[in-house]
Amino acid sequence: MRYAIVILVAAVVAGCMPDQSKDLAACKIEVMRFYPLYVASRLEDPGTRYIIGCMAEHGYDLEVSAKDCDSRHPLPTQATCYAPRDWLAGLLNRFRRSAHPD
């Protein structure tokens, strides 16, 4: 019974936590609106800087040392290259990745 309550509370809290993929998708839509000519391929591009700033506003830091970052694609455009600043969100994100690997 005690484990069921813990799992239920964790599921509710995890459902309230932000999702990197959705936040990154929203940032990509915004960057297409503000910088339609710049592809986020180089760090110097205004579109790339905008995506990194947008994700920072959502509470994420660019973390290119993550094992899920694929260097074959622009790192700022990958949701797996961002780490939540909040420790609870980071813990739940780690749990979510281990439970549902992509």
Side-chain angles (χ1 to χ4, degrees):
M1 178 68 174
R2 184 178 287 174
Y3 294 114
I5 293 172
V6 170
I7 291 173
L8 179 64
V9 169
V12 169
V13 171
C16 297
M17 299 306 294
D19 184 15
Q20 287 156 285
S21 299
K22 291 179 184 177
D23 291 337
L24 183 61
C27 291
K28 285 180 179 180
I29 289 171
E30 289 179 23
V31 81
M32 287 189 301
R33 189 176 83 187
F34 294 122
Y35 299 104
L37 301 178
Y38 291 99
V39 177
S41 59
R42 298 179 311 160
L43 287 176
E44 306 87 42
D45 289 342
T48 303
R49 290 188 307 224
Y50 185 88
I51 289 174
I52 294 170
C54 178
M55 289 299 284
E57 288 181 15
H58 284 102
Y60 299 100
D61 288 325
L62 184 63
E63 184 68 43
V64 295
S65 64
K67 67 176 183 172
D68 295 335
C69 287
D70 187 357
S71 61
R72 295 176 292 173
H73 304 287
L75 299 178
T77 62
Q78 299 177 47
T80 57
C81 293
Y82 290 93
R85 286 189 197 137
D86 183 23
W87 69 270
L88 180 60
L91 180 68
L92 291 173
N93 185 46
R94 198 173 297 154
F95 175 74
R96 186 184 312 159
R97 283 186 184 177
S98 67
H100 301 288
D102 292 334

Apply side-chain hydrogen bond (donor to acceptor under 3.5 Å, both in side chains) to Arg72 and list each qualifying residue two or more places apart in sequence or on a separate chain.
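If we apply the side-chain hydrogen bond (donor to acceptor under 3.5 Å, both in side chains) test to Arg72, skipping adjacent residues, the hits are Asp70.
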
Name all residues meeting the side-chain hydrogen bond (donor to acceptor under 3.5 Å, both in side chains) criterion together with Ser71; count only those two or more places apart in sequence or in a different chain, and write none if there are none.
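Applying side-chain hydrogen bond (donor to acceptor under 3.5 Å, both in side chains) to Ser71 gives none.
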
Side chain proximity check, Pro46 to Arg49, heavy atoms < 4.5 angstrom
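In contact.
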
Got Lys28 and Thr77 here, is their nearest side-chain heavy-atom distance under 4.5 Å?
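Yes - at least one pair of side-chain heavy atoms lies under 4.5 Å apart.
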
How are the rings of Phe34 and Tyr50 set relative to one another: parallel (under 30°), tilted (30 to 60°) or perpendicular (over 60°)?
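Tilted.
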
Indicate the atoms forming the closest heavy-atom contact of His73 with Gln78, along with that distance.
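It is O-NE2, 3.2 Å.
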
Distance from [X] atom [atom1] to [Y] atom [atom2], nearest 0.5 Å?
X: Met55; Y: Gln20; atom1: CE; atom2: CD; answer: 6.0 Å
X: Met32; Y: Ile51; atom1: CE; atom2: CD1; answer: 9.0 Å
X: Leu62; Y: Cys69; atom1: CG; atom2: SG; answer: 7.0 Å
X: Asp45; Y: Leu37; atom1: CG; atom2: CG; answer: 11.0 Å

For the backbone of Pro76 and the side chain of Tyr82, can you confirm whether one donor and one acceptor N or O come within less than 3.5 Å of each other?
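Yes; at least one donor-acceptor contact below 3.5 Å.
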
